[in-house]
Amino acid sequence: MPRITLPDGSSREIQTGATVADVADMIGPRLARSAIGGKIDGEVVDLGSPLTRDCQIKILTPSVDDADSLHLLRHSCAHIMAEAICSLFPETKLVYGPPVENGFYYDVDLDRPLTPEDFAAIEARMAEIIKADRPFVRYEMDRDEGMRKLQAEGNRYKIDNAERAEGKLSFYVTGERSDSAFEDLCRGPHVPSTGRIGAFKVMQVSGAYYRGDQKEKQLQRIYGTAWPTKKDLEAHLFRLEEARKRDHRVLGKQLGIFSIHEEIGPGLIHWHPRGGMIRHLVENFWKDEHLKRGYDIVFTPHIASERIYRRSGHLEKYGDMMYSPMDIDGLNYYLKPMNCPGHYMIYLSDIRSYRDLPIRMCELGTVYRYEPSGTLHGMLRVRGFTQDDAHTFCTPEQLGQELDMLLELMDLMMRTFGYQYKAYLATRPEKYLGTLQEWERATNELQMAMERRGLAFEVDEGGGVFYAPKIDIKLIDSMGREWQGPTIQVDLQAAKRFEITYVGADNAPHETIIIHRTVLGSMERFIGGLIEHYGGAFPMWLAPVQILLASVSEKSADYAREVLARLKAAGLRTRLDVSHEKIGPKKHAARQEKIPYILVVGEKEAAEGTVNVNDRSGKSLGNQAVDAFIAHCRKLVAERALEPGA
RNA sequence: GCCGACGUAGCUCAGUGGUAGAGCACAGCUUUCGUAAAGCUGGGGUCGUGGGUUCAAAUCCCACCGUCGGCUCCA
């Protein structure tokens, strides 16, 4: 008799052949009613699965806090959607329908394009299937028999799936097994019956290449979402709406940060005054911190002749991403796609001694790269962008301390902007240049630097670039999303290709170590990300307008002007509103613009020499003397505090 | 680049073949006002661009451009 252990640590013996459902029943009738599956030794299984050996078991019930139960629910819902689509469009060939973050999709091969207008019919059919509450019935076949069955059905995708599967093939029928019943090759598991799907919605349809291969047929991918209850579904739709409000494209327009114009071209960013101010502040901070750490600021041209890009290998490797050349005096010139060659030329313009190293060059360098039209996305994916680029040229002995400094700089940047982050060590990919020893040495240096810092990291096996292993930092924003952040690469090829050397103490040339890194990525992507991270409510030091100064009526306008002069003299970016409006609408407008502080001045304030302070959350902070408020603001700016919050 | 949807006033959007609309924003006037959108009046659009169908096109068809959601790719 198998002995089972429950999550609370208790264990008991059960009849051989008892199922997960039987266990749920033993524990209690309420659990039995709500159970949708089980987890045996970490593997999610059907409620009807027999228990044949000693095991750890957990009964799964629908819950938004349990990823396993959500997957079970969503994967089952994908089947129901597939059945609905097949019944509406019998020529549909099913491909693959997994659960994903917040929902599921099903890829189908169907020549008639599905449109959002079809969703209502699909949802209606799904609702019928759910209402019928038909059981998901699993049956298995030997490989050969199963393959013969699939061959007879002639769906090449399912044959493909089956060929990849191990062992027996399993099928799921919804309802009684018969010629007319809906069934699908599937590994499972599923909820016990269709009626167990709480709430669902068909969300969108898009194209997706079979197996992600551009040369393969493009299928239709229909996305849906499913939740334990209607309330959960509504909460999810609400969250989507909230995320939409934080979208940097929405806020970028609303707050006057940037725009993109068809007349000028897609993927090309125009920084408006507010955006320009934010960028200016970020860049100043960036430059200050680099100068403090011994960097030299350099500038390199926006175009360069083909000679450099042949030598660098860019034309060969990145030619597809570079724009067509322009002819200047019979020689082809290209818009620069990267800053590195310019920095190498600066290094090579002189003989470098080991005494000169390390040389650290940084540049906010604008580059242009061809990105396919379908991939452009606001400020986050553009065709012209400014990288915060830097190269450190050093000796092998200096590499460790340089990496230490870079990790420290990276950490400062992330903390200042309020990001949590995760580190990854990306190791040698399949296609690589250089020797194994070089790779091992460089990878070790990166790993040791993270260990010295006590920085926890995961290894991204084979995730390095062909010329370098790297440290990748993924930053986590205020909504819990991960973004590609800083990256540090120890370049193993550039020194060879460009003959970048220094003269050692032995008076002989040695290959220079080159560290290639970025701490913000690009100004466009970084600030686009910041907009979403802060939901448009920039902290005091970054807010393009820090203070709105509003008079209660014209009677207080003169006092307001007086306060304005003092705020401006203190270097605070302040806007005055002495319009003939009531204080309510003035405050409302300032909050719409997410200005950190709103100062109300009326006759009372004028009499006592104070300002009435409100933050953008709507909270009143009472009256303060003008100097005290100025001191408070200057402190926030000097500390680059993340306050006041949204 | 591929699949699908969308493109109407500065913004958000309504308008399914018959003289272009609303709210917000903007301007003027009234109100001089105490903390989450005052009232009235007014200006503003060759309905993304170009073809076509029709007596008549924002509306139907075609092409192109752009945007959005995905796929692929990426700072």
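In the text below, chain A, chain B and the rest are named by the order of the sequence lines, each starting its count at 1. Treat the numbers as computed from the prediction; the structure is a model and nothing was measured.
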Between N or O atoms, less than 3.5 Å apart, protein on one side and nucleotides 62-64 of chain B on the other: list the pairs.
none

Could you give the side-chain donor-acceptor pairs of residues 275-286 of chain A under 3.5 Å, partners two or more places apart or in another chain?
{"unit_1": "Arg279(A)", "atom_1": "NE", "unit_2": "Glu283(A)", "atom_2": "OE2", "d": "2.7"}
{"unit_1": "Arg279(A)", "atom_1": "NH2", "unit_2": "Glu283(A)", "atom_2": "OE2", "d": "3.4"}
{"unit_1": "Arg279(A)", "atom_1": "NH2", "unit_2": "Thr386(A)", "atom_2": "OG1", "d": "3.1"}
{"unit_1": "His280(A)", "atom_1": "NE2", "unit_2": "Asn284(A)", "atom_2": "ND2", "d": "3.3"}
{"unit_1": "Trp286(A)", "atom_1": "NE1", "unit_2": "Asp388(A)", "atom_2": "OD2", "d": "2.9"}

For atom CD of Gln592(A) and atom C1' of U12(B), their distance in whole Å: 12 Å

Students often get this wrong, so: under 4.0 angstrom with heavy atoms, is Gln204(A) touching a base, only sugar-phosphate, or nothing? sugar-phosphate

Quiz question: going by heavy-atom distance under 3.5 Å, is there a donor-acceptor pair between the base of U35(B) and the side chain of Asn612(A)? yes

State, without any angle test, whether Tyr210(A) and Asp160(A) hold a side-chain donor-acceptor pair at a distance under 3.5 Å. yes

With both distances under 3.5 Å as the test, what is the Watson-Crick or G-U wobble partner of C6(B)? G66(B)

Contacts of Asp460(A) meeting salt bridge (charged side-chain N to carboxylate O under 4.0 Å, His left out) (sequence neighbours excluded), chain-then-number -> none

Any stacking of Tyr223(A) on G70(B), going by centres under 5.5 angstrom and planes within less than 30 degrees? no

Can Tyr467(A) and His516(A) be counted as having a side-chain donor-acceptor contact under 3.5 angstrom? no

Is Lys474(A) positioned over the aromatic face of Tyr424(A), cation under 6.0 angstrom from the ring centre and no more than 45 degrees off axis? yes

Residue met sooner reading RNA chain B from 5', once Gln387(A) and Ser556(A) are mapped to nucleotides: Ser556(A)

May I ask you to check if Arg221(A) and Tyr105(A) form a cation-pi contact, with NZ or CZ under 6.0 angstrom from the six-membered ring centre and within 45° of the axis? yes

Atom pair distance, as rounded to whole Å: CZ in Arg112(A) and P in C3(B): 17 Å

Salt bridge (charged side-chain N to carboxylate O under 4.0 Å, His left out) involving Lys422(A) - partner list, sequence neighbours excluded: Glu482(A)

Nearest whole angstrom, please: distance from the C1' of A75(B) to the CG of Asp388(A). 9 Å

Heavy atoms only, 4.0 Å cut-off, all strands: where does Gly521(A) land among base, sugar-phosphate and nothing? sugar-phosphate

Sugar-phosphate only, base, or nothing, as touched by Arg591(A) at under 4.0 Å among non-hydrogen atoms: base

Nearest listed nucleotide, side chain of Pro585(A), among G34(B), A38(B), U35(B): A38(B)

Where along residues 476-490 of chain A does a heavy atom come under 4.0 Å from RNA chain B, residue by residue in number order? Gln484(A)

Looking across every strand, which nucleic acid part, if any, lies under 4.0 Å from Thr115(A) by heavy atom: base, sugar-phosphate, or nothing? sugar-phosphate

Contact class for Gly212(A) vs. all strands (heavy atom < 4.0 Å): base, sugar-phosphate, or nothing? sugar-phosphate

Separation of the C1' atoms in G1(B) and G18(B), to the nearest angstrom: 42 Å

Does anything in residues 242-251 of chain A come within less than 4.0 Å of RNA chain B? Heavy atoms only, and list the residues if so. Arg249(A)

Side chains of Glu363(A) and His343(A): is there a donor and an acceptor less than 3.5 Å apart? yes

Less than 4.0 angstrom between a side-chain N/O of Ser373(A) and OP1 or OP2 of G1(B), yes or no? yes

Side chain Glu371(A) and base G1(B) donor-acceptor under 3.5 Å: no

To the nearest Å, give me how far apart OH (Tyr559(A)) and P (U32(B)) are. 24 Å

Ser553(A), nearest nucleotide to its side chain (from U67(B), G70(B), U32(B)): U32(B)

For Phe466(A), does the six-membered ring have the charged nitrogen or CZ of Lys317(A) within the cation-pi criterion, i.e. under 6.0 angstrom from the centroid and within 45° of the normal? yes

With side chains defined as the heavy atoms from C-beta onward, is the minimum distance between Glu554(A) and Val578(A) less than 4.5 Å? no

Would you check if there is a donor-acceptor pair between the side chains of Glu532(A) and His248(A) at a distance under 3.5 Å? yes

Is any side-chain N or O of Lys555(A) closer than 4.0 Å to OP1 or OP2 of G34(B)? no

Side-chain heavy-atom pair Arg244(A), Leu240(A) within 4.5 angstrom cut-off: no

Taking any heavy-atom pair under 4.0 Å as a contact, classify Glu603(A): base, sugar-phosphate, or nothing. base

If you check the Phe385(A) side chain, which of U72(B), U35(B), A75(B) turns out closest? A75(B)

The criterion is salt bridge (charged side-chain N to carboxylate O under 4.0 Å, His left out); which residues satisfy it with Asp389(A), sequence neighbours excluded? none

Using a distance-only test with no angle check, is there a side-chain donor-acceptor pair under 3.5 angstrom linking Thr427(A) and Glu461(A)? yes

Residues at least two apart in sequence or cross-chain that pass salt bridge (charged side-chain N to carboxylate O under 4.0 Å, His left out) with Glu603(A), listed by chain then number, are none

For Tyr96(A), enumerate each residue passing the ring pair (Phe, Tyr, Trp, His ring centres under 6.0 Å) test, keeping only those at least two apart in sequence or located in another chain. none

Suppose you measure atom C1' in A14(B) against the same atom in G51(B); what distance do you get, rounded to whole Å? 28 Å

Applying the 3.5 Å cut-off to both distances, the Watson-Crick or G-U partner of C29(B) turns out to be G39(B)

For every nucleotide of nucleotides 24-30 of chain B, 5' to 3': is a protein heavy atom under 4.0 Å from its base (B), only from its sugar-phosphate (S), or from neither (-)? -------

Nearest whole Å is fine: how far is G39(B) P from Glu581(A) CD? 10 Å

Between C65(B), U35(B), G69(B), which one does the side chain of Glu262(A) approach most closely? C65(B)

Want to settle it: does Gly267(A) or Leu114(A) sit nearer the 5' end of RNA chain B, counting the closest nucleotide to each? Leu114(A)

Give one of base, sugar-phosphate or nothing for Val382(A), where a contact means two heavy atoms less than 4.0 Å apart. base

Spell out yes or no: do the side chain of Arg383(A) and the base of C74(B) have one donor N/O and one acceptor N/O closer than 3.5 Å? no

Report yes or no: is there a donor-acceptor pair, N or O only, under 3.5 Å between the side chain of Tyr370(A) and the base of G1(B)? no

Across the strands shown, which category fits Lys604(A) at heavy-atom distances under 4.0 angstrom: base, sugar-phosphate, nothing? base

Sequence neighbours left out, cut at 3.5 Å: what donor-acceptor pairs do the side chains of residues 409-419 of chain A make with other protein atoms?
{"unit_1": "Asp411(A)", "atom_1": "OD1", "unit_2": "Tyr421(A)", "atom_2": "OH", "d": "2.5"}
{"unit_1": "Asp411(A)", "atom_1": "OD2", "unit_2": "Arg415(A)", "atom_2": "NE", "d": "2.8"}
{"unit_1": "Asp411(A)", "atom_1": "OD2", "unit_2": "Arg415(A)", "atom_2": "NH2", "d": "3.3"}
{"unit_1": "Asp411(A)", "atom_1": "OD2", "unit_2": "Arg453(A)", "atom_2": "NH2", "d": "3.4"}
{"unit_1": "Thr416(A)", "atom_1": "OG1", "unit_2": "Leu412(A)", "atom_2": "O", "d": "2.7"}

Under 4.0 Å: is that the gap between some side-chain N or O of Lys582(A) and OP1 or OP2 of U35(B)? no

Arg381(A) atom CZ is separated from U72(B) atom P, nearest whole Å, by 12 Å

Protein and nucleotides 40-44 of chain B: nitrogen or oxygen contacts under 3.5 angstrom:
none

